[in-house]
Structure formats: C-alpha cells, structure tokens
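Worksheet: the structure to be examined is printed underneath.
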Amino acid sequence: MKYWLMKSEPETFSIDDLKRKRTEAWDGVRNYQARNFMRDSMQPGDKVFFYHSNCAEPGIAGIAEIASDAYPDPSQFDAKSKYFDPTSKREEPRWMLVDVKFVKKLKRTITLDELKGHDVLDEMLLLRKGNRLSVMPVAAAEWRYILTLE
DNA sequence: GCCAACGTTGGC
DNA sequence: GCCAACGTTGGC
C-alpha cells in the first residue's frame, strides 16, 4: 500500500465536504505529473492526506482513501466545466482521476508551518521549494511520523 | 493582492 | 530545440 497527499482548496472542496459526500471523484487535475501518479501508481486502498491549500491555515486536515482505479475525468469533455479541455478526445482521454473516500477528519489541522519545523520531514516533497504538485507521494516513514503529531 | 516558482505554449 | 511570454499555484 502506498501513501499520498492531495491538495484541495477548502473554499472549493474541504474535508468537511468529503465527510458529507463520503466519496468524491477527484476531478480537475490538469498537471501531467499529478495525473501520472493517479493513473499509474494509485491503487484502491491507498491512504491519502487531505491537504487544505490556498487558505488561512494551510495543512493536513484529514485522511482519505483511494476508492477506485483511475478512469477518464468527465469534466474534460464538458464544455460548461471550467476544467473543459477542447483538445482531449473521448477515444484518447488526456486526463484521468480516481475516486477518493472519506476516512476521518483530524482533531486539528497539522499546519504547513508546523510540518516545516520537523527536521525528519525535510525531504518531504510537500516541503520542497517551489513544489506545486496537487497530488504527490508520501513516504511511509513520513506518513507514520505525521500521524503522531495529531 | 503580491509575487516566486514552475509549467505550457508557440514563434522562430 | 530554444526561449520569451504567459498562465497557474499557493504561501504569505
């Protein structure tokens, strides 16, 4: 089993939204590296840190689980969607997604600022300078360590 | 709202 | 294939 971190802007879709809906199709990813992780490496049952980005308190807000194999993101074909991609063909979809299932909300958000303060997490992809990936792997040791911070 | 960092696009 | 221009992400 692998571990991941997926970012979402809470004003758009928060951990509370996922809790209410139980499962959500993770649409709108339009970055090849992030897509490749979903398409090539994720498996149902993998665990996910649900990260709140671009907000007052950026950080890990909850835990989710991958709930499907990758499949084409329907929003790429929807002309009314802001994720519409007119260059993607149905016979050859460019963008993939996975379903994500709610597991739990953390008692408190483990903030980005706090994560930066732990030397053992220095190598974390999330904390690397300039990294803007919205979907990224988390090392098993990092996962276990972060869970102890809750 | 600002801006650094990065990805993508397209002219050449 | 280079690279300038542009768009996006996301912390602050």
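Note that the structure is a prediction, hence the values are computed from the model and not measured. Note on naming: letters A, B, ... go to the chains in the order of the sequence lines (proteins, then strands), and numbering restarts at 1 for each one. All heavy atoms count here, side chains included; hydrogens, waters and symmetry mates do not.
- Both N54(A) and Q33(A) sit near DNA chain B, but only N54(A) has its closest nucleotide nearer the 5' end.
- Between N31(A) atom CG and dT9(B) atom P the separation is 12 Å, expressed in whole Å.
- In this structure, F13(A) and F50(A) have tilted ring planes: the angle between them lies in the 30° to 60° band.
- OP1 and OP2 of dT8(C) both lie 4.0 Å or more from every side-chain N or O belonging to Y83(A).
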Derivation of the salt bridge (Lys or Arg N to Asp or Glu O under 4.0 Å) call for R108(A) and E114(A): CA-CA 12 Å; R108(A) 63 182 188 88; E114(A) 181 182 351; 3.0 Å; yes

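- Straight-line distance from the CZ atom of R35(A) to the P atom of dT8(B): 10 Å, rounded to whole Å.
- Rounded to an integer number of Å, the gap from R128(A) CZ to dC6(B) C1' is 15 Å.
- Where N131(A) and R94(A) each meet DNA chain B at their nearest nucleotide, the meeting point lying more 5' is that of N131(A).
- Taking atom CD of residue E11(A) and atom P of nucleotide dG10(C), one finds them 14 Å apart after rounding to whole Å.
- Contact annotation: K129(A) does not reach the phosphate of dA4(B) (side-chain N/O to OP1 or OP2, under 4.0 Å).
- Between K116(A) and the phosphate of dC12(C), there is a side-chain N or O to OP1/OP2 separation shorter than 4.0 Å.
- Counting to the nearest Å, the C1' atom of dC6(B) and the CE atom of M136(A) are 13 Å from each other.
- Distance, L133(A) CG to dA5(B) C1': 13 Å, rounded to whole Å.
- No contact: L127(A) has no heavy atom under 4.0 Å from any strand.
- Remark: the E9(A) side chain and the S53(A) side chain contain no N/O donor-acceptor pair separated by less than 3.5 Å.
- There is a side-chain donor-acceptor pair under 3.5 Å between D99(A) and Y71(A).
- In this entry the distance linking CZ of R132(A) with P of dT8(C) reads 11 Å, nearest Å.
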